[in-house]
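Take a look at the structure below.
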Amino acid sequence: MKKTIVCMAFMGIVFGSWAQGRSSYDASMFKIYGQQAAIEPGKSINIADPFMTTRQCFTSSSRDASLLKKQGTAGVKTHVEVFYTKNEQEYQQLKSTNASESVSFLNTFSVGASQASQLLKESMQKTERLVFIATVDFGNYFYPDEPEFTPEAKALLNEGKYDEFKTRYGTHFVSGIGKTSKVTVELIRNQSEKKEQNIDEMVASMEGALGSVSGGFKVENKEEQNKNFRESGFSVVVDVEGPHLNTDSWADAIQKLSKADGDLIDAVIGFVKQQLKDCQNEADALVSRYFLTDFSLYGCKGINWNLEKEKKLGEINEDYLSLCMLIDMAEDAVNTNPATNPNSMIGMMVKEISQQLGAQEHDDLDAKIGGLTPEWKKVIEKGNALIPKLKKQYELFSNVANDVNDPANIIDYSAEEEEFGELFVSIFDKIVEFAEEWASTIPQLGLLTVVNQSGDPFNVYVNNEFKGVVNGYGKLNLQLNVGTTNQVKAVQKSGYTFYETVNYRTVVISSIGEKVEVKIGLED
């Protein structure tokens with residue numbers, strides 16, 4: 001009898017405090033590459049693998065979703081965040097992390113290396129976007145009373161059969177949800193003139209692409225983006241999740257905002273917030289957050305799960321995805337010369353340099369880069385040797401019984417990781433060295449076009465040196481060195497009555513590939 005009273009008193013204390021043990025998760029955390037875990041209010045799950053099938057531990061009547069009640073009386077809240085992505089890869093990362101800027105702790109190894117690298121290998125096309133993510137938050141909903149265990153689940157807890165309980169029912173259950181409507185507005189910048197970029201800037205850009213998989217895309221320089229998107233123009237895409245909105249007029253309205261004076265980004269934010277007034281119907285909202293309560297609050301022992309563990313699991317996933325991407329790049333380099341492969345980062349860098357310098361042929365550079373195949377093979381070998389260690393570390397950390405700070409659960413692969421990184425960087429440095437050496441041999445030129453507005457031919461001189469004849473109403477193209485100020489003289493060759501027409505022009509070539517046009521043929 002005494003034992004029963006103590007047990008009931010303990011369970012009363014636990015049930016009274018269960019709400020304090022809730023953890024909040026963005027709904028996107030339970031998606032992985034398009035797969036959605038079967039998660040819903042009152043359902044029990046295994047936090048280490050929400051895709052694992054578990055039995056229901058609560059009675060159907062006590063876990064019915066209709067029992068959920070809104071917490072507090074606060075009204076509906078609206079919020080708009082703005083992000084900037086400079087290419088397709090960053091845009092896909094922003095979408096996959098749902099603007100949380102972090103990789104989920106869910107097991108990325110389950111999709112396999114080839115699929116992971118393929119999903120990451122998005123086009124590096126320079127499509128710039130301003131992404132406005134607007135949410136209408138209707139609040140959080142919880143069970144007013146703790147759900148009731150089924151007799152079988154209660155018996156396992158009372159008998160102390162905790163491992164069996166976790167095997168059947170998992171480690172957590174969904175004790176609440178958050179409801180949100182969401183509207184995403186994308187401003188997709190029109191293609192504009194290529195911005196002049198030196199080799200150092202391009203190298204920095206490429207090295208940045210090899211870094212973290214996670215986001216970090218919040219707009220930092222609002223003035224610059226306002227200017228860029230206004231000047232080049234943009235198209236608008238609107239995506240709605242939840243409410244039934246007529247968005248046909250949104251694009252036209254936002255385009256008009258670009259023609260008005262003032263801050264474009266703030267104007268779009270103001271417009272979107274105004275439109276969100278039509279999103280106040282809670283019935284249209286979707287589940288955007290899940291609140292989980294772990295069964296240790298019900299006396300189930302051996303559940304070791306916290307934010308530190310989730311953070312470390314996310315970091316392992318991020319390391320794994322980055323590793324897959326680098327191995328994939330190395331395999332591309334072995335199979336096809338990366339300098340001529342338009343889908344490789346290195347190929348894009350070489351193309352950028354060659355276009356900047358106005359040169360289309362770079363056979364010598366291709367041959368040098370192609371000679372790095374043995375070193376790329378070492379990258380592949382060392383990278384593939386690292387993957388099993390990362391996977392083993394993930395398995396140890398994801399075990400709910402293990403402490404991530406216990407030395408017995410930690411695999412030290414830092415030396416191999418550092419060696420892999422140094423090898424990859426050394427190859428990349430060689431490519432940069434080859435590119436810079438090759439670039440130094442290419443004449444740095446700009447283009448002068450002499451346009452004849454007369455029907456008579458003219459002799460053209462640059463710095464007193466004869467360069468050719470431009471025929472009547474014709475054009476003459478001349479290459480001039482960068483960083484020079486040139487005196488151009490055009491002298492009428494024939495067709496005059498008393499004296500020839502002479503035109504003088506000053507032409508400055510300030511950057512590689514710059515195009516300058518001068519008109520001659522008429523009296524100044």
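- Taking the six-membered ring where the residue is Trp, Phe30 and Tyr290 present perpendicular rings, their angle passing 60° and hence far from 30°.
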Notebook entry, point to check: Does the pair Phe105 and Ile316 meet the rule for a side-chain contact (heavy atoms from CB on, under 4.5 Å), with working shown?
Noted result: CA-CA 8 Å; Phe105 65 82; Ile316 295 171; over 6 Å; no

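- One finds the CD atom of Glu223 at 7.5 Å from the CG atom of Asp263 (value rounded to the nearest 0.5 Å).
- Summarising the geometry, atom CG belonging to Leu396 is positioned 10.0 Å from atom CG belonging to Asp406; distances are rounded to the nearest 0.5 Å.
- Counting heavy atoms from C-beta on, the side chains of Ile133 and Lys182 come closer than 4.5 Å.
- Here Leu106 contributes atom CG and Thr108 contributes atom OG1; the two are 7.5 Å apart, rounded to the nearest 0.5 Å.
- Separation of atoms OG (Ser426) and CD (Glu433) is listed at 11.5 Å; rounding is to 0.5 Å.
- For the pair Val174 and Leu292, the minimum side-chain heavy-atom distance is below 4.5 Å.
- Across every non-hydrogen atom of Leu323 and Gly383, the tightest pair is CD2-O, 3.6 Å.
- Here Ser175 contributes atom OG and Asp294 contributes atom CG; the two are 10.0 Å apart, rounded to the nearest 0.5 Å.
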Item checked: side-chain contact (heavy atoms from CB on, under 4.5 Å) assessment of Asn405 paired with Glu308 -> CA-CA 10 Å; Asn405 295 310; Glu308 183 182 14; 3.2 Å; yes

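- In this structure the side chain of Phe434 reaches within 4.5 angstrom of the side chain of Leu372, judged on heavy atoms.
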Item checked: Candidate pair Phe420 and Val379, rule side-chain contact (heavy atoms from CB on, under 4.5 Å), full reasoning -> CA-CA 7 Å; Phe420 173 86; Val379 167; 3.6 Å; yes

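- Closest approach of Cys57 to Tyr169, counting heavy atoms only: CB-CD2, 3.5 Å.
- When atom types are taken as modelled, the side chain of Ser181 and the backbone of Gly242 share no donor-acceptor pair closer than 3.5 angstrom.
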Notebook entry, point to check: So Ser24 and Arg289, side chain to side chain donor-acceptor pair (under 3.5 Å) or not? Walk me through it.
Noted result: CA-CA 7 Å; Ser24 174; Arg289 293 179 299 281; 5.0 Å; no

Notebook entry, point to check: Glu417 and Asp319: side-chain contact (heavy atoms from CB on, under 4.5 Å), yes or no, with the steps?
Noted result: CA-CA 10 Å; Glu417 200 169 36; Asp319 287 345; 3.8 Å; yes

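- A donor-acceptor pair is defined here as one N or O able to donate and one able to accept, closer than 3.5 Å; such a pair exists between the side chain of Gln255 and the backbone of Phe234.
- Among Val287, Val76, Leu286, Asp137, the one residue that satisfies the side chain to side chain contact (heavy atoms under 4.5 Å, CB included) test with Thr180 is Asp137.
- For Asp328 (side chain) and Cys324 (main-chain N/O), no donor-acceptor pair under 3.5 Å exists by modelled atom type.
- Between the side chain of Lys166 and the main chain of Lys301, a donor-acceptor pair closer than 3.5 Å is present.
- With hydrogens and angles disregarded, no donor-acceptor distance shorter than 3.5 Å links the side chain of Asp239 to the backbone of Glu241.
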Check: Could you walk me through whether Trp376 and Phe424 pass the ring-ring contact (aromatic ring centres under 6.0 Å, His included) check?
Finding: CA-CA 8 Å; Trp376 284 121; Phe424 195 97; 5.6 Å; yes

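- Listed for the Lys309 side chain is a donor-acceptor partner under 3.5 Å among the backbone atoms of Asn304.
- Side-chain atoms of Leu313 and Tyr394, non-hydrogen and from C-beta on, do get closer than 4.5 Å to each other.
- Here the shortest heavy-atom pairing between Thr373 and Ala333 reads OG1-O, 4.4 Å.
- At most 12 non-hydrogen atoms from other residues, nucleotides or ligands lie less than 6.0 angstrom from NZ of Lys391.
- Taken from OH in Tyr413 to CG in Leu390, the straight-line distance is 4.5 Å, to the nearest 0.5 Å.
- Remark: of the listed residues Glu416, Glu418, Glu419, Glu419 is the sole one forming a salt bridge (charged side-chain N to carboxylate O under 4.0 Å, His left out) with Lys382.
- Using the six-membered ring where Trp is involved, Phe295 and Phe58 have ring planes that are tilted, between 30° and 60° apart.
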Check: Given the rule in the side chain to side chain donor-acceptor pair (under 3.5 Å) test, do Tyr25 and Glu310 qualify, once you have shown the distances and angles that lead to the verdict?
Finding: CA-CA 11 Å; Tyr25 296 87; Glu310 291 175 7; 2.4 Å; yes

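- Using a distance-only test at 3.5 Å, with no hydrogens or angles considered, no donor-acceptor pair links the side chain of Ser232 to the main chain of Arg189.
- A donor-acceptor distance shorter than 3.5 angstrom exists from the side chain of Tyr143 to the backbone of Gly42, with no hydrogens or angles considered.
- In this structure, Gln393 contributes its side chain and Asn409 its backbone to a donor-acceptor pair below 3.5 Å.
- Glu164 is not listed as a side-chain neighbour of Thr167, based on a closest heavy-atom distance of 4.5 Å or more.
- Across Phe173 and Pro147, no two heavy atoms sit closer than the pair CE1-CG, 4.1 Å.
- When all heavy atoms of Val183 and Trp250 are compared, the pair lying nearest together is CG1-CZ3, 3.7 Å.
- A donor-acceptor pair under 3.5 Å links the side-chain atoms of Asn226 to the main chain of Ile265, judged by distance alone.
- No option in Arg129, Glu224, Glu128 other than Glu128 meets the side-chain hydrogen bond (donor to acceptor under 3.5 Å, both in side chains) test with Tyr84.
- Geometric assessment of Lys179 against the ring of Tyr141 yields a positive cation-pi assignment under the 6.0 Å and 45° thresholds.
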Note to self: Determine whether Glu375 and Lys430 satisfy the following criterion, salt bridge (charged side-chain N to carboxylate O under 4.0 Å, His left out), listing intermediate values before the conclusion.
What the structure shows: CA-CA 11 Å; Glu375 288 160 273; Lys430 285 183 181 178; 2.6 Å; yes

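- Summarising the geometry of Ala330 relative to Ile380, their closest heavy-atom pair is CB-CG1, 3.6 Å, with the distance given to 0.1 Å.
- Using a 4.5 Å heavy-atom threshold, the side chains of Asn46 and Phe51 count as separate.
- Annotation: side chain of Ile303 is not in contact with side chain of Ile47 (no heavy-atom distance under 4.5 Å).
- A heavy-atom distance below 4.5 Å is not found between the side chains of Ile410 and Asp412.
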